[in-house]
Number of protein chains: 2
Amino acid sequence: MQGNLIRTAIVEDDQEIRQLLQLIIGRSPGFTCEYAFESAEEAIRELPKSRPDLILMDINLPGMSGIEATAQLRVLLPNTDILMLSVNEDDDSVFDSLCAGASGYLLKETPPAALLEAIREAKSGGAPMSAQIARKVVRSFRQQTKPDLTERESEILAMLCRGDNYRTVADAIFVSTNTVKAHIKNIYRKLEVHSRAEAVSRAIRNKWV
Amino acid sequence: MQGNLIRTAIVEDDQEIRQLLQLIIGRSPGFTCEYAFESAEEAIRELPKSRPDLILMDINLPGMSGIEATAQLRVLLPNTDILMLSVNEDDDSVFDSLCAGASGYLLKETPPAALLEAIREAKSGGAPMSAQIARKVVRSFRQQTKPDLTERESEILAMLCRGDNYRTVADAIFVSTNTVKAHIKNIYRKLEVHSRAEAVSRAIRNKWV
DNA sequence: CGGACAATGACCCATTTGGGGCATTTTTTA
DNA sequence: TAAAAAATGCCCCAAATGGGTCATTGTCCG
């Protein structure tokens, strides 16, 4: 970003929308929009040369999806923000896009002023998205209520998630391996699992550790 | 919520701020704020009786923290939204609050109009938070670039994360346990781990599965 | 005071796992 | 088309794991 100028690119297969967006952004002070592509493949081929500040990426592209393209471009252009363009609000794919590395998303019918504002917000470190998606994202953060593990058990479960074995755990908390075994047996009973992998999986997925 | 009335509660140890917030909210049309507590313990004891629509929760409370209180209240009051109150913007604890179940947060010096707007946004399914925090939340969603596992290897790694053992995996993909072993050996080599727990841990934490 | 539970530890034993090597066939890629 | 990689499979073996039972000690709560 030179000065305040935000250099953008568009990846959108619908010619009308693509040109409209390019027009809106391109003639707004403080923005340029020199790059517009109609496919993810083309964008991935060309964008690393131009290295824009921000990419508007259609989610539903023919061929490689916008989500897959986002995942790839994030690696190629680590300093470039990507905002997804979606038609419908509540799409699961919006959520997947964030996982793939998008910084936010906006609806295609977003009015010009809000569009520019979202781009500014993204480049200033924000994450423009609708209230519904924001809540969904936050919700998936919540840790589930964890079973009634004792202090010791929680401690040991955390160590199992680090990959520690009986011996290592025992040495770390100054007890015998037999004790560790006993605790782990109780953990398994409480979590209703029968293997280390299962216990670790449950613990991490539910954000208990 | 009866009609459009939003019944709020406040948990804040600073008397001045508590009363100020209560005043602002209480005399705004469409809001009530009958409950105000100066400690998490008190709130947890009293709030299940009154069941407000939304709780404003100070993050830094003496005794039980606002984060811990949030975790507990989420269980007691599943239909109540919780918004955190923080002094500083970028606090890590804000992030932890979202993990504990908060729906968003706002700064204590938020002007009255924005405060009410944030409460409305929360109750209408949103997640009011600053751009910086939103981005941080989104960023922690990103899956890391995963090592070059083959299709088969990815498939088996996912099964390990479900707790499957050699035998189960082998039966599921119609190969011998020896083959499964061979694949798992390759997975371990590529992930640079030496146990199932470690592999599962890395895979889930990095959102490869 | 007695029961419940947590933490500690031991023993036994079958099964699983991890690591090493080696070989064949198929698929992919240069 | 030749080389590389992937997928399949087998052998061996030491170490780790999971599950069972039992015992002791201390703490906490009714």
Side-chain angles (χ1 to χ4, degrees), chain A residues 41 44-45 63-64 68 72 145-205 208-209, chain B residues 41 44-45 63-64 72 145-206 208-209:
Chain A
E41 291 82 357
I44 289 174
R45 196 168 55 244
M64 183 190 297
E68 176 59 26
Q72 295 198 22
T145 49
K146 88 164 132 179
D148 252 342
L149 299 185
T150 67
E151 274 302 308
R152 244 325 183 226
E153 287 161 358
S154 297
E155 188 183 8
I156 291 176
L157 180 57
M159 301 183 76
L160 295 188
C161 292
R162 294 203 326 243
D164 293 358
N165 60 18
Y166 288 142
R167 177 81 266 145
T168 314
V169 172
D171 289 349
I173 64 176
F174 305 108
V175 297
S176 77
T177 54
N178 283 313
T179 300
V180 175
K181 281 192 59 167
H183 284 304
I184 292 181
K185 271 189 273 197
N186 289 330
I187 292 173
Y188 287 1
R189 183 173 40 75
K190 291 183 182 177
L191 300 193
E192 299 176 273
V193 299
H194 304 279
S195 78
R196 192 153 301 200
E198 258 186 295
V200 168
S201 179
R202 296 268 312 270
I204 298 180
R205 277 194 216 274
W208 297 333
V209 290
Chain B
E41 291 82 357
I44 289 173
R45 197 167 55 242
M64 184 190 294
Q72 295 199 20
T145 49
K146 88 165 135 180
D148 253 341
L149 298 185
T150 67
E151 274 301 307
R152 243 327 182 225
E153 287 162 356
S154 296
E155 187 184 8
I156 291 176
L157 180 56
M159 302 183 76
L160 294 188
C161 291
R162 294 202 328 241
D164 292 359
N165 59 18
Y166 289 142
R167 177 80 267 143
T168 315
V169 172
D171 289 350
I173 65 177
F174 306 108
V175 298
S176 76
T177 54
N178 284 313
T179 300
V180 175
K181 281 191 59 165
H183 283 304
I184 291 181
K185 271 190 273 196
N186 289 329
I187 293 173
Y188 286 2
R189 183 175 40 76
K190 290 182 182 177
L191 301 192
E192 298 176 274
V193 300
H194 304 280
S195 78
R196 191 151 303 197
E198 259 186 294
V200 168
S201 178
R202 295 268 313 267
I204 299 180
R205 279 194 216 274
N206 292 317
W208 298 332
V209 291

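Below, read A as the first sequence line, B as the second, and so on, with proteins coming before strands; counting in each chain starts at 1.
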Provide, to the nearest angstrom, the distance between the [atom1] atom belonging to [X] and the [atom2] atom belonging to [N].
X: A:Asn165; N: D:dA14; atom1: CG; atom2: P; result: 19 Å
X: A:Leu191; N: D:dG18; atom1: CG; atom2: C1'; result: 15 Å
X: A:Glu155; N: C:dA7; atom1: CD; atom2: C1'; result: 12 Å
X: B:Arg189; N: D:dA5; atom1: CZ; atom2: C1'; result: 11 Å
X: A:Glu192; N: D:dG19; atom1: CD; atom2: C1'; result: 17 Å
X: A:Leu160; N: D:dG18; atom1: CG; atom2: C1'; result: 13 Å
X: B:Ile184; N: D:dT17; atom1: CD1; atom2: P; result: 15 Å
X: A:Ile187; N: C:dA6; atom1: CD1; atom2: C1'; result: 13 Å

Main-chain N/O of B:His183 paired with B:Arg152 side-chain donor or acceptor, under 3.5 Å: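 It does not hold such a pair.
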
Exam field: side chain B:Thr177 to backbone B:Ala170, donor-acceptor pair closer than 3.5 Å: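 Not confirmed, B:Thr177 side chain does not pair with B:Ala170 backbone.
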
Five-pair end axes of the helix from C:dC1-D:dG30 to C:dA30-D:dT1, angle between them (10°):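 About 60°, once rounded to a multiple of 10°.
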
Separation between [atom1] of [X] and [atom2] of [Y], rounded to the nearest 0.5 Å:
X: B:Ile184; Y: B:Arg196; atom1: CD1; atom2: CZ; answer: 4.5 Å
X: A:Met159; Y: A:Thr168; atom1: CE; atom2: OG1; answer: 7.5 Å
X: B:Ile204; Y: B:Leu157; atom1: CD1; atom2: CG; answer: 8.5 Å
X: B:Glu153; Y: B:Leu160; atom1: CD; atom2: CG; answer: 11.5 Å

D:dG18 OP1/OP2 closer than 4.0 Å to side-chain N/O of A:Tyr188: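 Yes, within the criterion.
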
OP1 or OP2 of D:dT17 under 4.0 Å from side-chain N/O of A:Tyr166: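 It does not, given that no N or O in the side chain of A:Tyr166 lies less than 4.0 Å from OP1 or OP2 of D:dT17.
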
Sugar-phosphate only, base, or nothing, as touched by B:Arg167 at under 4.0 Å among non-hydrogen atoms: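 Touches nothing.
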
Which atoms of nucleotides 7-13 of chain D (N or O only) lie under 3.5 Å from a protein N or O atom, and what are those distances?
from	atom 1	to	atom 2	distance (Å)
D:dA7	OP1	B:Thr150	OG1	3.4
D:dA7	OP2	B:Thr150	OG1	2.5
D:dT8	OP1	B:Arg152	NE	3.2
D:dT8	OP1	B:Arg152	NH2	2.6
D:dT8	OP2	B:Arg152	NE	2.9
D:dT8	OP2	B:His183	NE2	2.7
D:dG9	OP2	B:Ser176	N	2.5
D:dG9	OP2	B:Thr179	OG1	2.9
D:dG9	O5'	B:Ser176	OG	3.4
D:dG9	O5'	B:Thr179	OG1	3.2
D:dC10	OP2	B:Ser176	OG	3.3
D:dC10	OP2	B:Asn178	ND2	3.1

